[in-house]
**Q** 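Quick one: the structure is below, questions incoming.
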Amino acid sequence: MPELPEVETVRRGLLPVMEGAVIAAAAVNRPDLRWPFPPGIARRLTGARVTGLRRRSKYILADLSTSETLLIHLGMSGRMLISGAQLGSFHHAHPAPAKHDHVVLDMDNGARVTFNDARRFGAMDLMPTASAEAHPLLSVLGPEPLGNDFHEGHLAARLKGRATPIKSALLDQHLVAGLGNIYVCEVLFRAGIHPARMARDVTSLEVSRLVPIIREVLSEAIEAGGSSLKDYRQADGELGYFQHSFKVYDRAGDACTSPGCGGQVTRIVQLGRSSFFCPLCQR
DNA sequence: GGTTAGTCCTGCGTGC
DNA sequence: TGCACGCAGGACTAAC
């Protein structure tokens, strides 16, 4: 489930094969993912040089020489596969077309980038680069959690008076953009805050601690992704999914890892999603 | 305006 | 073994 760190890892993995290269051929194998592809997307991509590869929240933005920007969202199960490229001492031959290969980009450097998405919660769109920030999916996003606009004052103001669990508030992309279910669980564990606590009841002290904790958790995951990137290239060219050692996520029944705690990681459902926490550490 | 439930989708794990 | 079912979840839309 790609959240901000996974998307950043994918972006970094795509950089050496896409940035500066020309999309020699683009194949789009179905009319839609989450939404319909923009009209003529294959034609509009073909011949375009990728001049930059950026990330905003969980979106990858590929700036093109055609003054358009390709927006990519991995959704839940979206994967990027690189083949035909020389990465380090490894060369990946093009694999046989697989089920759910929806978009295939053949670069002029010989690399092939394949977007595979079984659940089709992902999305792609094209927009003018000059007004990319105004795209409906991007314009409503809150600040980047690793950016300067995300700070204690912002978070405090957005949590103030909100009668919703802190878990839900931190998942709200309008409040801060890029956190998903996994990292919110990890952040709240590290902060010692119960996921069901009302956002308005989070104290000033806790808010001041949340900001650096969110940065830490995400930065550590990006770092882990970076170090795993090399291994994944070697393994099969697939980017973005790597093993993390989560403290609470998907660890229901396990002993809490806090020294001397003795608690047991517990699962509850909030807004139809699993929350994992330690009832002794998190209040 | 704020909040929550429903929805989309397919693969996987579990239980019968 | 095979089937039915629930679950996973990002983010929109509708309803309250």
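In this text the structure is predicted, and so the values were computed from the model without any measurement. Residue numbering restarts at 1 for every chain, and letters A, B, ... go by the order of the sequence lines.
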**Q** Scan Ala163(A) against the nucleic acid and name what it touches under 4.0 Å (heavy atoms): base, sugar-phosphate only, or nothing.
**A** sugar-phosphate

**Q** Output the rounded distance in Å from CZ (Arg200(A)) to C1' (dT3(B)).
**A** 12 Å

**Q** Between Arg267(A) and dA8(C), is there a contact of a side-chain N or O with OP1 or OP2 at under 4.0 Å?
**A** yes

**Q** Pro165(A) has a side chain; which of dG10(C), dT4(B), dT10(B) sits nearest to it?
**A** dT4(B)

**Q** Test for a donor-acceptor pair under 3.5 Å between the base of dG10(C) and the side chain of Arg119(A), counting only N and O atoms.
**A** no

**Q** Would you say His73(A) places a side-chain N or O within less than 4.0 Å of OP1 or OP2 belonging to dG10(C)?
**A** no

**Q** Within the pair Lys99(A) and dT10(B), is there a side-chain N or O less than 4.0 Å away from OP1 or OP2?
**A** no

**Q** Take atom CG of Asp172(A) and atom C1' of dT4(B), then tell me their distance rounded to the nearest Å.
**A** 12 Å

**Q** For a quick test of reading the model: is some side-chain N or O of Thr164(A) closer than 4.0 Å to OP1 or OP2 of dT4(B)?
**A** yes

**Q** Nearest-Å distance, CG (Leu141(A)) to P (dG10(C))?
**A** 14 Å

**Q** How many whole angstroms separate atom NZ of Lys167(A) from atom C1' of dT4(B)?
**A** 14 Å

**Q** Could you give the CZ-to-C1' distance, from Arg273(A) to dA5(B), as a whole number of Å?
**A** 11 Å

**Q** Is there a donor N/O on one and an acceptor N/O on the other, under 3.5 Å, for the side chain of Arg34(A) and the base of dA11(C)?
**A** yes

**Q** Rounded to the nearest angstrom, tell me the gap between atom CD in Gln270(A) and atom C1' in dG6(B).
**A** 18 Å

**Q** Atom CD of Glu3(A) to atom C1' of dA11(C): distance rounded to whole Å?
**A** 13 Å

**Q** Do Glu68(A) and Arg44(A) meet the salt-bridge criterion of a basic N to acidic O distance under 4.0 Å?
**A** yes

**Q** Does any N or O in the side chain of Glu220(A) come within less than 3.5 Å of the main-chain N or O of Val217(A), such that one atom is a donor and the other an acceptor?
**A** no

**Q** If we require ring centres under 5.5 Å and near-parallel planes under 30°, does Phe121(A) stack on dG10(C)?
**A** yes

**Q** Consider the side chain of Arg162(A), meaning its heavy atoms from C-beta on, and name the nucleotide among dG11(B), dT3(B), dG10(C) that approaches it most closely.
**A** dT3(B)

**Q** Using a 4.0 Å heavy-atom cut-off across all strands, classify Arg120(A) as base, sugar-phosphate, or nothing.
**A** sugar-phosphate

**Q** Does Asp101(A) come within less than 4.0 Å of Lys99(A), counting only side-chain N to carboxylate O?
**A** no

**Q** Would you say Ser274(A) places a side-chain N or O within less than 4.0 Å of OP1 or OP2 belonging to dA8(C)?
**A** yes

**Q** Taking OP1 and OP2 of dG11(B), is either one under 4.0 Å from a side-chain nitrogen or oxygen of His100(A)?
**A** yes

**Q** Could you check Leu53(A), Leu138(A), Leu70(A), Ile72(A) and say which one makes a side chain to side chain contact (heavy atoms under 4.5 Å, CB included) with Leu61(A)?
**A** Leu138(A)

**Q** Quick test of your reading of the model: are Glu206(A) and Arg209(A) salt-bridged, counting only N-O distances below 4.0 Å?
**A** no

**Q** Could you tell me the separation between the CG atom of Asp117(A) and the P atom of dC8(B), rounded to a whole number of Å?
**A** 17 Å

**Q** Would the distance check show the side chain of Arg190(A) and the main-chain N or O of Leu188(A) forming a donor-acceptor pair, the cut-off being under 3.5 Å?
**A** no

